[in-house]
Amino acid sequence: MTDKSPPVGIYQTLEPGVRRILAPNPSPMTYWGTNTYVLGQGEVVVLDPGPNLAPHLDAILKGLDPGEQISKILVTHAHLDHSPLAAPLSQTTGAPIYAFGNAQAGRSDVMRDLVARGLSSGGEGVDADFRPDIILSDGDVVHHNGLEIETIWTPGHFANHLSFCMNGATFTGDHVMDWASSLVSPPDGDLTAFMASCEKLRIRDDRIYYPGHGSPVVNPTERINWLIHHRKTREADILNALDDGQAHNITSLTRAIYTETPKALLPAAERNVFAHLIDLYERDLVRANPALDVSADFFRL
C-alpha cells in the first residue's frame, strides 16, 4: 500500500458528520494504527475508541469542538486495538458503551467445542475484560441526535464483530480493509461466518466503507468480491495440497502453500489454514484424525 498515514491524534473530517482520529499504535497487524471515528456534531458518537492509551484518550477529548460532548460509544469488536479505551472514555464522559456482547459472544458451536478442548486465542490480543453497557443485535438501529446508525452483525474476524451503517457509509471494523485481507484466527475467528458476512455486505448498496485500519474503501463491492475470491483461492490451494491422499497437518500444509511468507508470519498463516480446515470439515470436504483439532492430521474426502 502506498497511501500516506494521517497525522496521529488529529481530527480529520472525512465527510459531513464523520471525523477520524488515528491512535498511536502502528504495527504489522494494525497498519498505521486504529481509526477512531467521531460521528455527528454537538452530542457525538465515538466509534472504536481504540487501545487503552492515555494520549489517545486526551486527543479524543481535546479535539472536540467547543461545547461538544460524547454521549454514546460504539465498539465493533473486542480486540485490544479497538475496545479497551471504551471503559475509560465512558468513565470520563458518562457515555454508555454499545456492542454485540463480550469477547465470547456470538461464537459458533464448533468454536465453543474447540475452546472447551483447550484451543486458545491466537493472532490479535483479545480484550477479555470488555463489557458493554447496552447489547446490540443484528438489524438494530441506534438513534442519535437525528442520526440513524444501523447495526450489522458481521462475525468472521471476531465472533462479536459489528459493522455500522450511517447514511450509506459503513464502518466495517476489521472485516473489510483496503490494505490487507482480514485475519481469521480460530477460535475467535470463524471462516464460515466470515464468508457469510461477506455475502451479507455484498448484497447491500453501501457507497463507502470506513475500516478500522487504513484508508476508506471507495469501491465496496469490488473489495468484497476480491475478499471472497481470495478466500476461495486459498481454499483451492488447501484442497489441491490434500489431493495426494496423504495425511497432512497444519504445519505441513502452511509450508506448502505459503512459500513466500516470512518465517515470522507463519504462525498467523497456520491459524488461517486452520480456519479453512474447520470450514472444510464442517462442509464434509475433509476428515480430521483423530478429531478436529489444531494438532490433527487432515485428509481430503
When you measure from the side chain of [X] to the backbone N and O of [Y], does any donor-acceptor pair fall under 3.5 Å?
X	Y	result
Asp48	Thr34	no
His213	Pro26	no
His248	Phe298	no
Arg131	Ala128	yes
Glu68	Gly42	yes
Ser90	Ala86	no
Tyr11	Ile60	yes
Asn249	Ser252	yes
Arg271	Leu266	no
Asp174	Ser182	no

Within 6.0 Å of [atom1] in [X], more than 12 heavy atoms from elsewhere:
X	atom1	answer
His143	NE2	yes
Glu150	CD	yes
Asp244	CG	yes

[atom1]/[X] to [atom2]/[Y] distance, rounded to the nearest 0.5 angstrom?
X	Y	atom1	atom2	answer
Leu61	Leu89	CG	CG	6.0 Å
His82	Leu47	NE2	CG	10.0 Å
Ile278	Arg283	CD1	CZ	13.0 Å
Phe130	His79	CZ	NE2	12.5 Å

Which pair of non-hydrogen atoms, one from [X] and one from [Y], has the smallest distance, and what is that distance?
X	Y	answer
Arg223	Ser181	NH2-N, 4.1 Å
Ala275	Val184	CB-O, 3.5 Å
Gly214	Arg20	O-NH1, 4.1 Å
Val176	Ile224	CG2-CD1, 3.6 Å
Gly40	Arg19	O-NH2, 3.2 Å

Taken in chain and number order and not counting sequence neighbours, the residues that satisfy side chain to side chain contact (heavy atoms under 4.5 Å, CB included) with Asp113 are Arg117
Side chains of residues 95-105: which donor-acceptor pairs under 3.5 Å do they make with residues two or more places apart or in other chains?
from: Asn102; atom 1: OD1; to: Gln104; atom 2: N; distance (Å): 2.9
from: Asn102; atom 1: OD1; to: Ala105; atom 2: N; distance (Å): 3.2

Contacts of Arg112 meeting salt bridge (Lys or Arg N to Asp or Glu O under 4.0 Å) (sequence neighbours excluded), chain-then-number -> Asp109
>> Tell me if the centroids of the rings in Phe194 and His175 come within less than 6.0 Å of each other.
In response: yes
Residue pairs passing the ring-ring contact (aromatic ring centres under 6.0 Å, His included) test with at least one member in residues 44-69, sequence neighbours excluded, are none
Charged N to carboxylate O below 4.0 Å: is that the case for [X] and [Y]?
X	Y	result
Lys232	Glu235	no
Asp279	Arg231	no
Asp188	Arg107	yes

For Asp190, the side chain to side chain donor-acceptor pair (under 3.5 Å) test, sequence neighbours excluded, returns Ser108
Residue set satisfying side chain to side chain donor-acceptor pair (under 3.5 Å) with His161, at least two apart, ordered chain then number -> Thr154
